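As the structure is a computational prediction, the values presented were derived from the model and not from experiment.
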Number of protein chains: 2
Amino acid sequence: MSEVNLKSLAKELGLSVSTVSRALRDAYDISAETRQRVQALAAERNYVANPYASSLRKNQSKTIGVIIPNVVNNFFSLAINGIESVAQQKNYHVLIYLTHEDYEKEKQILNHLQSGRVDGILLSMASETKDQTHIKEFQKNGLPLVFFDRASKEIEASKVSTDDFESAFEATEHLIQNGCKRIAHLCISKSLSIIKDRLRGYSAALEKNGIPFDDTIIKECEDDDQLSYQQIATLFSDKDRPDGIFASVEKLAIIAYQVCIDLGLCIPEEVKIISFSNLSTASLLNPALTTVMQPAFEIGRTAATLLFKQLEKKRVASAPETVVIKSELIRRRSSSAS
Amino acid sequence: MSEVNLKSLAKELGLSVSTVSRALRDAYDISAETRQRVQALAAERNYVANPYASSLRKNQSKTIGVIIPNVVNNFFSLAINGIESVAQQKNYHVLIYLTHEDYEKEKQILNHLQSGRVDGILLSMASETKDQTHIKEFQKNGLPLVFFDRASKEIEASKVSTDDFESAFEATEHLIQNGCKRIAHLCISKSLSIIKDRLRGYSAALEKNGIPFDDTIIKECEDDDQLSYQQIATLFSDKDRPDGIFASVEKLAIIAYQVCIDLGLCIPEEVKIISFSNLSTASLLNPALTTVMQPAFEIGRTAATLLFKQLEKKRVASAPETVVIKSELIRRRSSSAS
DNA sequence: TTTATTTACGGAAACGTTTTCGAAACATGA
DNA sequence: TCATGTTTCGAAAACGTTTCCGTAAATAAA
């Protein structure tokens, strides 16, 4: 679009294109005087190098891709903030892709991104993703990829997540200590390793406290609020109704609240609820929601930092790192002892 | 990165680069047999055209830029969803830039984007932006720009927003009808036209109902939660304490809730609150928050659609359109009559 | 047969950078 | 004077596409 480019600048200055180009960057080869003349005119004309020409020539795009299931989710929007803060500082651009938890979409996006459009990728997997060959295929291209939150166990790559097992353990035990005897577990796809870890933490806490594990009160919900509502409602309508809810993701806790209201169940007297969540309104809910608050911003920031570490190291394929950032259990009324 | 390109395909097929290129798109010039051979190999090799070479040559990037103040905000994340849904359908890519309400950052981003990195821009202005010459400068390049939500009155461009005046009027009158005599108005920068409109709607409702307008209970808050908290707290500590709060943005309503809790003020008995908001937990708050719910997804979707309309119309600079999508007042307990 | 016309493809320029290479111009040392 | 070194710049290739143009071969028209 812009009509100001190296050629027009060079012409106006009576210099060659290559001189102008170098005057704008290396500049060790160029006399101080020329350099200043060039930079002055470039500033005046508001010259910005055509990124596509640069990228084509230099074979790097100064762009990273972020692939996430959703952006209407406090965890992911906070993580994006963290990612963006690093990218902006490094003068990189951020392409956002939403999978909406759809495996096919994730595959398609990943495949498209092999073209060199991005220099690296931050990925948080879709819940529907089971087969992971598309990710391995992507890695074969040599493009760095860093997982955050929803990582793959079987793929070798840097990963940033929270202490899912320990947090889930602590949260579950918290419910038990406050009197829960029968704790339901609400989660999304069990094929996600973080969900597995949380489930393991939950089970371990049950076992430690001598509470039998009951598969029938583990509810794996899809990405459909209506359906999830139904699943949770039937859970509560059972004669052997649970007296505690451990929600693996924020949205399910919100739906559980709604179900409780509609069924006239009192929180925390009849049901105690705890959830992984980054809700800013958790303390204002009725009752205030006890949460396992993940360091979302930090996770995003760290993942981006790891990615840039790989981008900056040239040929040396650095060994994958795994960073775990602890979550914090914030006790509120929804889980308090009666 | 990828080692498969037109040249390698051409070599393997015993064809020329140009033939392969055309076989993959126009293909009217190419025999059916060759076309199939080419496409088969391309599919097998997982060929994706280098976007930078394409963009450089075709002078279009298949990318749009979205500039917003923040992503940790239900309105904007829903809007992004709307934008992304259109972009994905059109096979476009979405670059996200966050201004964090900072004028300088907005200016810098806009300036950088003149380079042709994007084919068009969706902009929701930073609250600190007063001077708008950087936007006008940008437009001079001929790149299409569509405002959504936070638009500029003085700039000619397509705009998508909600009925800010009417919604604010209705909301304020709702408070009055439920008994409020002294309604404070919490807003962010008054230089934003949507904020002005909401303020006008508020004033008009007061006037219609014979309530004097009082400048001292209009609080213009910065993007700093601590500070906002202080401002709202002092507002409530006044002897002539307001009995109603109209929050122009979600975050201020949340802070107001917090202040009420800390000061021991009962909502809605002592203070009624209403807010522009897209909180999914509004109905679960204590008490449930009455909201003016903006059609955030729709606004994003429409803005993107308008942008693509301009992108698809070639040379004809289509006249700017202004689309207004109505918000919905959802009455809940925070504003109910005592 | 010769001359058009069509079909199917290749050559090469162009997009705007970056970067390698080389070469003037000038100074330095002998 | 000549050889050598330094400084400062320009020419040109390259990145991978797309597209304009040309042309050989095949077919149709004369």
Side-chain angles (χ1 to χ4, degrees), chain A residues 1-39 41-42 45-63 91 112-119 141 314, chain B residues 1-39 41-42 45-63 112-119 141:
Chain A
M1 283 300 123
S2 174
E3 294 307 326
V4 41
N5 53 25
L6 285 185
K7 207 195 289 182
S8 72
L9 289 180
K11 195 167 163 190
E12 186 163 359
L13 288 162
L15 291 170
S16 79
V17 168
S18 68
T19 302
V20 175
S21 175
R22 272 170 306 156
L24 291 172
R25 55 203 81 261
D26 331 308
Y28 80 99
D29 213 31
I30 304 294
S31 74
E33 193 208 327
T34 330
R35 196 189 326 161
Q36 280 161 21
R37 275 209 312 142
V38 171
Q39 291 183 353
L41 187 70
R45 291 278 182 280
N46 235 312
Y47 170 73
V48 185
N50 182 309
Y52 296 106
S54 292
S55 293
L56 178 59
R57 176 60 227 243
K58 297 201 292 186
N59 203 26
Q60 61 148 320
S61 61
K62 285 268 185 188
T63 305
N91 261 310
H112 187 100
L113 256 33
Q114 309 199 2
S115 59
R117 185 180 289 272
V118 295
D119 293 342
N141 278 62
K314 283 285 152 198
Chain B
M1 284 298 126
S2 175
E3 295 308 326
V4 41
N5 52 25
L6 286 185
K7 207 195 290 182
S8 72
L9 289 179
K11 195 166 162 190
E12 187 163 359
L13 288 162
L15 292 170
S16 78
V17 168
S18 67
T19 303
V20 175
S21 175
R22 272 169 307 154
L24 291 172
R25 54 203 81 260
D26 330 308
Y28 79 100
D29 215 358
I30 305 293
S31 74
E33 194 208 326
T34 324
R35 197 189 325 161
Q36 280 161 22
R37 275 210 311 144
V38 171
Q39 292 183 352
L41 187 70
R45 291 278 181 279
N46 235 309
Y47 170 73
V48 184
N50 182 308
Y52 296 106
S54 293
S55 293
L56 177 59
R57 178 58 227 247
K58 296 201 293 187
N59 202 25
Q60 62 148 317
S61 61
K62 284 268 184 187
T63 305
H112 187 99
L113 256 34
Q114 308 199 3
S115 60
R117 187 180 287 274
V118 296
D119 294 342
N141 278 62

Side chain to side chain contact (heavy atoms under 4.5 Å, CB included) partner of Val17(B), the single match among Leu9(B), Asn5(B), Leu6(B):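 Of all the options given, the one that passes is Leu6(B).
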
Tell me the interatomic distance from [X], atom [atom1], to [N], atom [atom2], rounded to whole angstroms.
{"X": "Leu15(B)", "N": "dT18(D)", "atom1": "CG", "atom2": "P", "value": "16 Å"}
{"X": "Tyr52(B)", "N": "dT18(D)", "atom1": "OH", "atom2": "C1'", "value": "18 Å"}
{"X": "Asn50(A)", "N": "dT17(D)", "atom1": "CG", "atom2": "P", "value": "17 Å"}
{"X": "Asn59(B)", "N": "dT17(D)", "atom1": "CG", "atom2": "C1'", "value": "13 Å"}
{"X": "Lys62(A)", "N": "dT18(C)", "atom1": "NZ", "atom2": "C1'", "value": "14 Å"}
{"X": "Arg117(B)", "N": "dG16(C)", "atom1": "CZ", "atom2": "P", "value": "16 Å"}
{"X": "Gln114(A)", "N": "dG16(D)", "atom1": "CD", "atom2": "P", "value": "16 Å"}
{"X": "Leu6(A)", "N": "dC15(C)", "atom1": "CG", "atom2": "C1'", "value": "13 Å"}

What nucleic acid atoms does [X] come within less than 4.0 Å of, heavy atoms only: base, sugar-phosphate, or nothing?
{"X": "Ser18(B)", "value": "base"}
{"X": "Thr34(A)", "value": "sugar-phosphate"}
{"X": "Ile30(A)", "value": "sugar-phosphate"}
{"X": "Ser31(A)", "value": "sugar-phosphate"}
{"X": "Tyr47(A)", "value": "sugar-phosphate"}

Pairwise 5' ranking along DNA chain C for Ala32(B) and Lys58(B), keeping only the more 5' one: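 This one resolves to Ala32(B).
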
Toward the 5' end of DNA chain C, which comes first, Thr19(B) or Arg22(A), by nearest nucleotide?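 Its nearest nucleotide being more 5', the pick is Thr19(B).
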
Grab the two heavy atoms, one from Ser61(B) and one from Arg117(B), that are nearest each other, plus how far apart they are.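 Heavy atoms only, the tightest pair is OG-O, 3.1 Å.
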
Contact under 4.0 Å: [X] side-chain N or O vs [N] OP1/OP2:
{"X": "Arg57(A)", "N": "dT19(C)", "result": "no"}
{"X": "Ser55(B)", "N": "dC15(C)", "result": "no"}
{"X": "Ser16(B)", "N": "dC9(C)", "result": "no"}

Test item: Val38(B) and Leu15(B) side chains (from C-beta on) under 4.5 Å apart, heavy atoms: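 Contact flag for Val38(B)/Leu15(B) side chains = yes.
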
Would you say Ser115(A) and Asn50(B) make side-chain contact, with heavy atoms under 4.5 Å?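 In short, these two side chains do not touch, never coming nearer than 4.5 Å.
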
May I ask you to verify whether the side chain of Asp29(A) and the base of dC9(D) hold a donor-acceptor pair under 3.5 Å?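 Per atom types, the contact qualifies.
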
Ser18(A) and Ser21(A): side chain donor to acceptor below 3.5 Å: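 No, Ser21(A) and Ser18(A) have no side-chain donor paired with an acceptor closer than 3.5 Å.
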
